[in-house]
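Quick caveat, the model's predicted, so the values are computed rather than measured.
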There are 2 protein chains.
Amino acid sequence: MKYQAPLRDMRFVLHELFDVSGHCQQLGNGLDRETIDGVLEEAARFTAEVVAPLNRNSDEQGCHLQDGEVTTPDGFRQAYQLFVEQGWASMTGPVDFGGQGFPQMVSASFHEMLMSASLAFRVYSGLTEGTVVALDRHGSAELKQRYLAQLVSGEWAGTMCLTEPQAGTDLALLRTRAQPQADGSYRLSGSKIFISGGEQDLTDNIIHLVLARLPDAPPGVKGISLFLVPKRLVNADGSLGERNAVSCGALEHKMGIKGASTCVMNFDAASGWLVGQANHGLACMFTMMNDARFQVGLQGLGIAEAAFQGGLAYARERLQSRAISGPVAPDKPADPIIVHPDVRRMLLTQKTLSEGCRMLAAYAARQLDLEHSASTAPQRDAATRRAALLIPLVKAFFTDCGQEVASLGVQLYGGHGYIREWGMEQLMRDSRITQLYEGTNGIQALDLIRRKLLGDDGAELDALIDELATQVAQATSHAALAERVGQRLQEWRLLADSVLQACHRDPQEIGAVSVDFLAYSAYVLLAALWLQAAERASQALAAGSGEPAFYRAKLQSADFYLRRVLPRANAHREALLAGADCLMAMPEADFAF
Amino acid sequence: MKYQAPLRDMRFVLHELFDVSGHCQQLGNGLDRETIDGVLEEAARFTAEVVAPLNRNSDEQGCHLQDGEVTTPDGFRQAYQLFVEQGWASMTGPVDFGGQGFPQMVSASFHEMLMSASLAFRVYSGLTEGTVVALDRHGSAELKQRYLAQLVSGEWAGTMCLTEPQAGTDLALLRTRAQPQADGSYRLSGSKIFISGGEQDLTDNIIHLVLARLPDAPPGVKGISLFLVPKRLVNADGSLGERNAVSCGALEHKMGIKGASTCVMNFDAASGWLVGQANHGLACMFTMMNDARFQVGLQGLGIAEAAFQGGLAYARERLQSRAISGPVAPDKPADPIIVHPDVRRMLLTQKTLSEGCRMLAAYAARQLDLEHSASTAPQRDAATRRAALLIPLVKAFFTDCGQEVASLGVQLYGGHGYIREWGMEQLMRDSRITQLYEGTNGIQALDLIRRKLLGDDGAELDALIDELATQVAQATSHAALAERVGQRLQEWRLLADSVLQACHRDPQEIGAVSVDFLAYSAYVLLAALWLQAAERASQALAAGSGEPAFYRAKLQSADFYLRRVLPRANAHREALLAGADCLMAMPEADFAF
């Protein structure tokens with residue numbers, strides 16, 4: 001399948017819906033509309049011409065481990081070199097270390113394109129960017145001096161080494177040990193699994209960030225520290241020294257993203273350096289969690305867009321049966337299947353989920369930017385709270401959408417969807433990991449309820465609903481739609497109150513309501529954004545826009561979303577109100593006989 | 001993962017819910033409860049010990065084509081031989097040709113087990129059974145004499161050759177030609193794709209049933225005839241003659257069921273014989289469609305059961321975090337994850353969908369049996385109508401459930417779910433085909449609305465709802481549950497009326513409502529069956545059953561289903577009432593920009 005970045009929709013979201021130029025002005029980064037559009041056009045070219053063509057083969061070929069060295073699929077090395085040379089790697093990196101300091105509201109569009117073009121290829125650079133964030137915020141001046149510039153440029157890559165066989169969601173159980181040395185360094189010993197990019201042939205060095213325990217550490221999550229462990233030691237002059245005692249023991253055999261190496265990493269008294277304070281490793285990791293989870297959300301969005309493009313192309317080409325209203329293409333043996341209502345239902349579900357998530361991605365990215373770079377502390381605090389509320393929702397909902405939209409892509413192709421050559425089933429396989437890593441979607445939902453909703457007794461959610469309600473009140477072009485969305489916002493507020501009360505009454509309710517409450521919230525939030533999109537579209541049409549078809553499609557999409565997708569919120573609402581009893585009543589032994 | 005047939009639940013459904021012994025008595029086949037239970041126990045042993053152990057490797061190894069010959073995965077040949085020798089192949093075959101004539105209500109349990117143990121292995125024999133049905137009903141005495149006994153025994157296998165590259169859903173477009181010969185045979189020329197078991201190394205001969213056009217055939221579906229085309233010609237004495245001009249041109253590279261060969265089949269003036277009347281090929285195929293679609297439904301059920309078993313085993317073993325109410329396993333480093341409400345939500349969804357579909361499978365199988373073997377014509381007619389209504393629902397809903405339950409299996413394993421060795425992701429990949437073949441699930445939904453609901457103006461659905469409502473009235477042990485289900489049945493009836501009216505008003509509504517109406521109907525139907533299960537469980541408990549835990553679990557499952565799964569019906573109802581306009585409004589060119 002052929003991928004082309006949805007530039008028109010990206011411009012709609014960035015400029016017309018969220019005024020990205022004003023945002024950049026507020027941040028003082030000097031990016032104007034023309035520059036942003038130019039970057040996105042270049043990004044579209046790079047992803048379509050350099051990255052997307054690698055994706056199908058990367059799935060067939062996968063990664064290979066021999067004598068401790070990992071070979072990535074054909075073309076990945078060359079594409080990665082271009083990625084570095086053309087400055088795509090350093091887009092978001094800190095300016096002090098050679099980065100271009102792009103705000104996430106802009107870079108998110110490029111990252112979405114990368115996800116669409118090849119999730120597997122994007123894994124390597126995504127983790128490097130995460131390493132940069134963690135090191136930039138928590139590393140000592142000396143560590144930053146020695147490692148950061150090469151990570152920012154993409155010359156070296158980074159990884160996150162958290163999971164161990166017995167410790168996944170529950171990091172309290174992790175066992176990797178760090179032994180202090182006389183010179184202030186540490187020796188790390190242990191085994192980590194599921195390490196994306198743990199070994200690869202794209203970069204000369206790999207900088208691992210590793211969670212481990214000091215000898216005197218308290219048990220549980222309060223005894224975990226973060227260490228930097230390079231694959232090759234780095235001399236004081238920046239030159240590469242000898243290999244460190246860290247090695248790839250095996251590659252996992254995965255359902256998808258086969259072009260991304262997923263490694264078992266063994267640390268055999270490997271040299272490492274403490275990042276941040278001892279025993280505060282989890283806190284250091286958490287500060288970059290929002291960025292990492294946002295990136296995984298973008299993976300869901302990118303997959304959804306790619307599957308929509310694939311499904312749409314096929315629905316326009318594939319000739320099967322006649323339209324029920326009479327032949328649309330009488331000169332052909334049958335009509336293109338896009339004439340059939342059920343095919344349109346699938347396509348419009350793909351389209352409105354993809355475009356809906358794109359709006360929410362931009363909204364969330366704005367909060368992430370303000371969290372770190374707004375000029376006043378109150379602005380930063382407000383954005384921090386808003387981002388904290390939105391991120392679990394973005395991560396879980398976008399990736400659930402990615403999986404659903406990819407599966408619709410398969411369904412649109414009929415039997416051909418099951419055949420590898422068409423690329424649809426690969427999107428399903430590739431996207432399935434996004435619901436699992438960086439905290440499963442169930443964990444995201446628990447985070448939303450426990451830390452975010454209960455954490456401030458619903459205050460930030462109330463503030464979000466207030467903001468959305470204000471915009472609904474201003475959406476004067478579509479009274480009927482606005483009324484419907486306004487009612488949903490009110491329902492959301494009441495539901496959150498019920499959830500809070502239930503969770504206070506019985507803590508089992510936290511896990512009983514979590515997944516359905518997250519889904520409910522996401523569908524309603526997207527409805528509010530679709531209303532805003534409809535409002536902008538109406539304004540553009542009223543102003544005599546030269547692109548009436550584009551704006552009419554926005555109105556039609558909003559209508560479809562509110563009528564045919566939003567009703568799902570009802571099911572989630574009723575399910576979560578059912579109470580924890582029906583989950584907890586059955587004794588463990590009675591689940592099967 | 002380890003599979004064990006859910007014998008206790010199967011006995012509950014067959015004996016306690018649907019009185020299979022009485023059913024067998026009515027059919028006059030002499031099967032009593034003891035015999036049936038004995039067969040199911042043997043079937044459980046065969047599937048657990050012979051078939052299930054092959055499944056993981058069959059995915060890794062797949063099928064291979066060399067010099068026109070296909071090699072199936074290691075162990076398939078031996079297992080297939082046992083399958084034939086032990087009489088499993090001939091279970092449902094006609095007695096006149098050496099079959100055992102088991103009713104589907106019994107054989108469905110065995111077939112579910114096969115699907116759970118290895119979908120790929122089951123594909124070969126499933127298609128052979130379909131070939132038997134078609135040939136038995138439509139073949140000439142001579143064709144039956146020459147081919148049927150060996151197909152019934154499983155010595156030979158059968159295939160269905162329908163799809164061509166340009167003709168999938170729309171068989172009117174098919175091009176394969178059949179040229180009459182002086183001796184009454186035909187020469188078939190053309191290419192078929194997606195032919196399951198088109199070539200394999202399990203049997204000495206393969207009997208293809210092929211749809212093709214005669215030279216003077218009218219265009220469209222009324223010009224399609226059915227032909228029998230053997231891989232090796234069969235001499236008058238039953239011995240095998242020379243190879244026919246039919247060959248496997250390629251194997252498809254698929255997402256899953258890799259142990260099942262999926263072939264491009266080329267017919268180069270291959271010798272064939274007409275089955276049934278000329279130009280009535282589609283009708284001949286349709287008479288076996290119910291059986292074939294029922295079997296695919298069982299595939300969804302089998303996958304769901306396997307994924308539930310896998311998920312449950314892991315949820316009991318995997319230790320992560322503590323129960324929110326305090327440690328449940330204080331002697332261990334963490335509690336098994338089954339203590340967490342959200343994990344239980346996933347497991348109970350798996351369990352209640354699997355067990356719910358099992359009830360509906362038995363109910364539908366009874367109709368299929370009565371359709372063919374009830375003693376009076378009115379009974380047969382009634383069962384024919386009921387089966388016709390239920391089958392599209394069984395096929396589409398069960399396979400959607402299979403995919404969902406398999407995906408929940410992956411989610412329960414966290415990151416490990418994405419790794420091939422655990423088997424969960426294979427279930428997802430294997431099951432994804434079931435939503436596509438034998439008519440996509442969208443086509444099933446169109447069939448439900450167009451042929452079944454509009455076909456008799458809703459009469460048969462009304463009759464089904466009447467029957468279910470009668471049972472609700474008799475469910476006296478659970479007034480609250482019964483009231484809830486009774487309201488749903490009333491809602492279903494009204495919704496069907498609205499749908500009928502809407503479709504009469506605007507034929508576009510057929511495809512606009514179809515998928516959501518099917519899903520709505522299935523959720524409500526399962527609710528009615530869960531109420532019946534709860535009623536039987538209450539009776540057993542009141543009678544002082546020696547298995548109180550089993551019956552209490554049924555009550556708890558029914559409660560969970562009605563509270564947490566059934567609400568999905570709301571979303572489907574509201575979506576389908578939205579009207580066709582929001583699907584048809586957008587011009588094709590405006591889907592993307």
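Between atom CG of residue A:L319 and atom CG of residue B:L173 there is a gap of 8.0 Å, rounded to the nearest 0.5 Å. To the nearest 0.5 angstrom, B:I324 atom CD1 is 10.5 Å from A:E509 atom CD. How far CD1 of B:I433 is from CD1 of A:I419: 7.0 Å, rounded to the nearest 0.5 Å. Separation of atoms CZ (B:F591) and CD (A:Q556) is listed at 8.5 Å; rounding is to 0.5 Å.
Looking at A:V410, the atoms closer than 4.5 Å to chain B (heavy atoms on both sides) sit in the backbone and in the side chain alike. For chain A, no part of B:D506 is nearby; none of its heavy atoms comes within less than 4.5 Å. Contacts between B:R564 and chain A at a heavy-atom distance below 4.5 Å involve backbone atoms as well as side-chain atoms. When heavy atoms are compared at a cutoff of 4.5 Å, A:A580 does not approach chain B at all. B:V565 does not touch chain A: none of its heavy atoms, backbone or side chain, sits under 4.5 Å away. Within the 4.5 angstrom heavy-atom criterion, no atom of A:P6 approaches chain B. No part of A:D581 comes within reach of chain B, as not one of its non-hydrogen atoms sits under 4.5 angstrom from that chain. Contacts between B:A549 and chain A at a heavy-atom distance below 4.5 Å involve backbone atoms as well as side-chain atoms. Contact of B:L7 with chain A is not made at all, since no heavy-atom distance falls under 4.5 Å. In this structure, chain A has no heavy atom under 4.5 Å from any part of B:A323. For A:A172, no part lies under 4.5 angstrom from a heavy atom of chain B. Contacts of B:I193 with chain A are made by side-chain atoms alone, with heavy-atom separations under 4.5 Å and no backbone atom involved. For chain B, the nearby part of A:A167 is the backbone; its heavy atoms alone come within less than 4.5 Å. Contacts of B:S557 with chain A are made by both backbone and side-chain atoms, with heavy-atom separations under 4.5 Å. Looking at B:P548, there are no atoms closer than 4.5 Å to chain A (heavy atoms on both sides), in backbone or side chain. Contacts between B:A585 and chain A at a heavy-atom distance below 4.5 Å involve backbone atoms as well as side-chain atoms. Looking at B:Q166, the atoms closer than 4.5 Å to chain A (heavy atoms on both sides) all sit in the backbone: N, CA, C or O.
The minimum heavy-atom distance linking A:R316 with B:D590 is given by the pair NH2-N, 4.4 Å. Taking both residues in full, the closest heavy atoms of B:S407 and A:R432 are given as O-NH2, 2.7 Å, listed atom of the first, atom of the second, then distance. Pairing each heavy atom of A:R429 with each of B:Y418, the nearest pair is O-OH, 2.6 Å. Scanning all heavy atoms of the two residues, the minimum distance from A:P567 to B:A571 falls at O-CB, 3.5 Å. Contact detail for A:Q320 and B:T169: the closest heavy-atom pair is OE1-N, 3.1 Å. Nearest heavy atoms, B:C582 versus A:L348: O-CD1, 3.6 Å.
Surrounding CZ of A:R175 are at most 12 heavy atoms belonging to other residues, nucleotides or ligands under 6.0 Å away.
Ranking A:M346, A:R552, A:E355, A:R563 against chain B, the residue ahead of the rest is A:R563, based on heavy-atom pairs under 4.5 Å. Between chain A and the residues B:L171, B:T440, B:L312, the most heavy-atom pairs under 4.5 angstrom are made by B:L312. Comparing A:V339, A:V515, A:D559 by how many heavy-atom pairs each has under 4.5 Å with chain B, the most go to A:V515. Your options are B:Q309, B:H253, B:E425, B:R8, and the one with the most heavy-atom pairs under 4.5 Å with chain A is B:H253. Most heavy-atom pairs under 4.5 Å with chain B: of the set A:G414, A:P587, A:P333, this distinction falls to A:G414. Between chain B and the residues A:E252, A:Q403, A:R318, the most heavy-atom pairs under 4.5 angstrom are made by A:R318. Taking A:E547, A:M586, A:M428, A:Q4 one by one and counting their heavy-atom pairs under 4.5 Å with chain B, the maximum is reached by A:M586. Interface remark: of the candidates B:S325, B:G579, B:A553, B:A553 forms the most heavy-atom pairs closer than 4.5 Å to chain A. Among A:G168, A:A569, A:G442, the residue with the largest count of heavy-atom pairs under 4.5 Å with chain B is A:G168.
Between A:L583 and B:F560, the closest side-chain pair of non-hydrogen atoms falls below 4.5 Å. By the 4.5 Å heavy-atom criterion applied to side chains, B:H416 and A:F194 are counted as neighbours. Put simply, the side chain of B:L436 does not reach to within 4.5 Å of the side chain of A:Y413, judged on heavy atoms.
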For side chain to side chain contact (heavy atoms under 4.5 Å, CB included), just list the numbers for A:M255 and B:Q426, CA-CA rounded to whole Å, side-chain angles, deciding distance to a tenth of an Å, and then say yes or no.
CA-CA 8 Å; A:M255 184 184 198; B:Q426 182 185 347; over 6 Å; no
Between B:S514 and A:R345, does a side-chain hydrogen bond (donor to acceptor under 3.5 Å, both in side chains) hold up when you go through it step by step?
CA-CA 10 Å; B:S514 50; A:R345 177 188 62 81; over 6 Å; no
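Panel note: side chain A:K254, backbone B:R420; no donor-acceptor pair is recorded below 3.5 Å. Side chain of B:Q411 to main chain of A:Q435: a donor-acceptor pair is present (N/O by atom type, distance under 3.5 Å, no hydrogens or angles).
Looking at A:R344 and B:Q508, their side chains never bring a donor and an acceptor atom within 3.5 Å of each other.
For B:F12, the ring-ring contact (aromatic ring centres under 6.0 Å, His included) partners are B:F550, not counting sequence neighbours.
Screening B:E574, B:R573, B:H572, B:R568 for a side chain to side chain contact (heavy atoms under 4.5 Å, CB included) involving A:N570 leaves a single residue, B:E574.
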